[in-house]
Amino acid sequence: MSGTKYVDSEGFLYTAPVREQGNIYKPNNKMMADELSEKAVHDVHTKEIDLVNRDPKHLNDDVVKIDFEDVIAEPEGTHSFDGIWKASFTTFTVTKYWFYRLLSAIFGIPMALIWGIYFAILSFLHIWAVVPCIRSYLIEIQCISRVYSICIHTFCDPLFEAVGKMFSSIRFTVRKEI
C-alpha cells in the first residue's frame with residue numbers, strides 16, 4: 001500500500017492509504033482499466049465485500065454473540081464428568097455453526113430478496129411521497145404561521161406584559177415560627 005502524504009491540522013505527517021491496483025471502479029493502471037471495462041457493466045451495483053469482517057458496523061455485537069458459556073454453565077460444586085462437558089461443548093458449538101450455515105443456505109437468498117424489496121419500497125415511498133408531502137406542508141403552513149405569529153404578538157404580548165407588571169409588585173416573605 002502506498003499513498004500521498006499530507007499534513008494534518010496539528011502538523012503531523014500522514015500517508016493516505018491507497019491500494020496499488022486501485023479499486024474496482026477506478027483502477028490505477030491502464031491494463032487493469034481495460035480488463036475491468038467489461039466487468040464494470042456487470043458490477044455496477046456491487047462493491048468489494050469484506051469476507052473476513054462481515055459486520056463492519058457492529059450491528060449484531062450485543063445480539064448474537066452467544067457461546068456455550070453464555071447458555072450452559074455449571075456452578076462450583078456441581079460439575080459433570082469432564083468428558084461429558086467437553087462433548088457437550090463440542091456438540092453445542094458444531095451444531096450452532098452448521099445449523100446456522102444450513103439455515104443461511106436455505107433462507108439467506110430469499111430473505112435478502114425480501115429485505116431488498118422492502119427497503120426499495122421504503123426508499124421509494126420516502127423519496128417520492130413522504131419528503132414531498134412534508135416539504136409541501138411546510139411551504140403551505142409558512143404563511144399561516146406568520147399570520148398566527150403576528151396575532152399572538154399583537155394581542156397576547158401586551159396582555160401578558162400587563163399581567164406580569166401587576167404580579168411583579170407582589171412580595172412574599174417566608175417566616176419560620178417555632
Side-chain angles (χ1 to χ4, degrees), residues 1-139 141:
M1 297 195 49
S2 67
T4 58
K5 295 185 183 347
Y6 65 93
V7 178
D8 70 353
S9 60
E10 296 176 2
F12 293 104
L13 184 66
Y14 288 97
T15 302
V18 175
R19 290 182 52 208
E20 295 296 333
Q21 299 90 1
N23 66 26
I24 192 170
Y25 301 110
K26 297 177 184 172
N28 287 339
N29 57 26
K30 179 76 172 134
M31 185 179 73
M32 191 174 174
D34 294 339
E35 227 175 77
L36 290 176
S37 63
E38 291 180 19
K39 279 187 183 179
V41 173
H42 301 292
D43 292 336
V44 173
H45 299 294
T46 62
K47 61 180 181 178
E48 291 184 40
I49 297 172
D50 186 1
L51 293 176
V52 176
N53 182 13
R54 296 186 185 191
D55 189 9
K57 296 184 180 180
H58 306 288
L59 296 175
N60 295 312
D61 277 353
D62 57 339
V63 179
V64 291
K65 278 190 172 178
I66 297 174
D67 291 325
F68 182 74
E69 297 84 17
D70 299 325
V71 178
I72 301 171
E74 292 180 336
E76 285 295 323
T78 309
H79 287 177
S80 62
F81 296 111
D82 290 344
I84 298 296
W85 187 252
K86 288 178 185 177
S88 299
F89 172 80
T90 304
T91 303
F92 176 89
T93 307
V94 170
T95 302
K96 184 182 91 161
Y97 178 77
W98 283 105
F99 199 73
Y100 174 79
R101 285 189 155 201
L102 177 69
L103 287 174
S104 62
I106 295 169
F107 297 109
I109 293 175
M111 290 301 294
L113 178 69
I114 290 168
W115 285 115
I117 291 170
Y118 172 75
F119 283 111
I121 291 169
L122 191 65
S123 298
F124 174 81
L125 289 175
H126 186 77
I127 291 167
W128 293 100
V130 174
V131 172
C133 286
I134 291 171
R135 296 284 185 203
S136 170
Y137 174 76
L138 291 174
I139 290 169
I141 202 72

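We're numbering straight along the sequence, starting at 1. Keep in mind the model is a prediction, meaning the values are calculated, not measured.
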L113 and I117, any side-chain heavy atoms less than 4.5 Å apart: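 Result yes, sub-4.5 Å side-chain heavy-atom pair found.
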
E69 side chain near F89 side chain, heavy-atom distance below 4.5 Å: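 Side chain of E69 against side chain of F89, heavy atoms only: contact under 4.5 Å found.
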
Between [atom1] of [X] and [atom2] of [Y], what distance do you get to the nearest 0.5 Å?
| X | Y | atom1 | atom2 | value |
| --- | --- | --- | --- | --- |
| L122 | I127 | CG | CD1 | 9.5 Å |
| T91 | I84 | OG1 | CD1 | 9.5 Å |
| F81 | S88 | CZ | OG | 12.5 Å |
| I114 | F107 | CD1 | CZ | 10.0 Å |
| H58 | N53 | NE2 | CG | 6.0 Å |

Nearest heavy atoms of F92 and D67, plus distance in Å: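 So the two residues come closest at CE2-C, 3.8 Å.
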
Heavy-atom pair with the smallest gap, counting every atom of H79 and E74: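 Scanning both residues completely, I find the closest heavy atoms to be CA-OE1, 3.2 Å.
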
Derivation of the side-chain contact (heavy atoms from CB on, under 4.5 Å) call for W85 and I72: CA-CA 10 Å; W85 187 252; I72 301 171; 3.9 Å; yes

Plane angle bin for F124 and W128 - parallel if under 30°, tilted between 30 and 60°, otherwise perpendicular: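 Aromatic pair W128/F124 classed tilted.
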
Side-chain donor/acceptor of S136 to backbone N/O of P132, under 3.5 Å: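 No: the side chain of S136 does not pair with the backbone of P132.
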
Heavy-atom neighbours of L138 CG exceed 12 at 6.0 Å: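 Above 12, so yes.
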
More than 12 heavy atoms of other groups within 6.0 Å of D82 CG: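 Open: at most 12 neighbouring heavy atoms sit under 6.0 Å from CG of D82.
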
Criterion side-chain contact (heavy atoms from CB on, under 4.5 Å) on L102 and I106, from CA distance to verdict: CA-CA 6 Å; L102 177 69; I106 295 169; 3.9 Å; yes

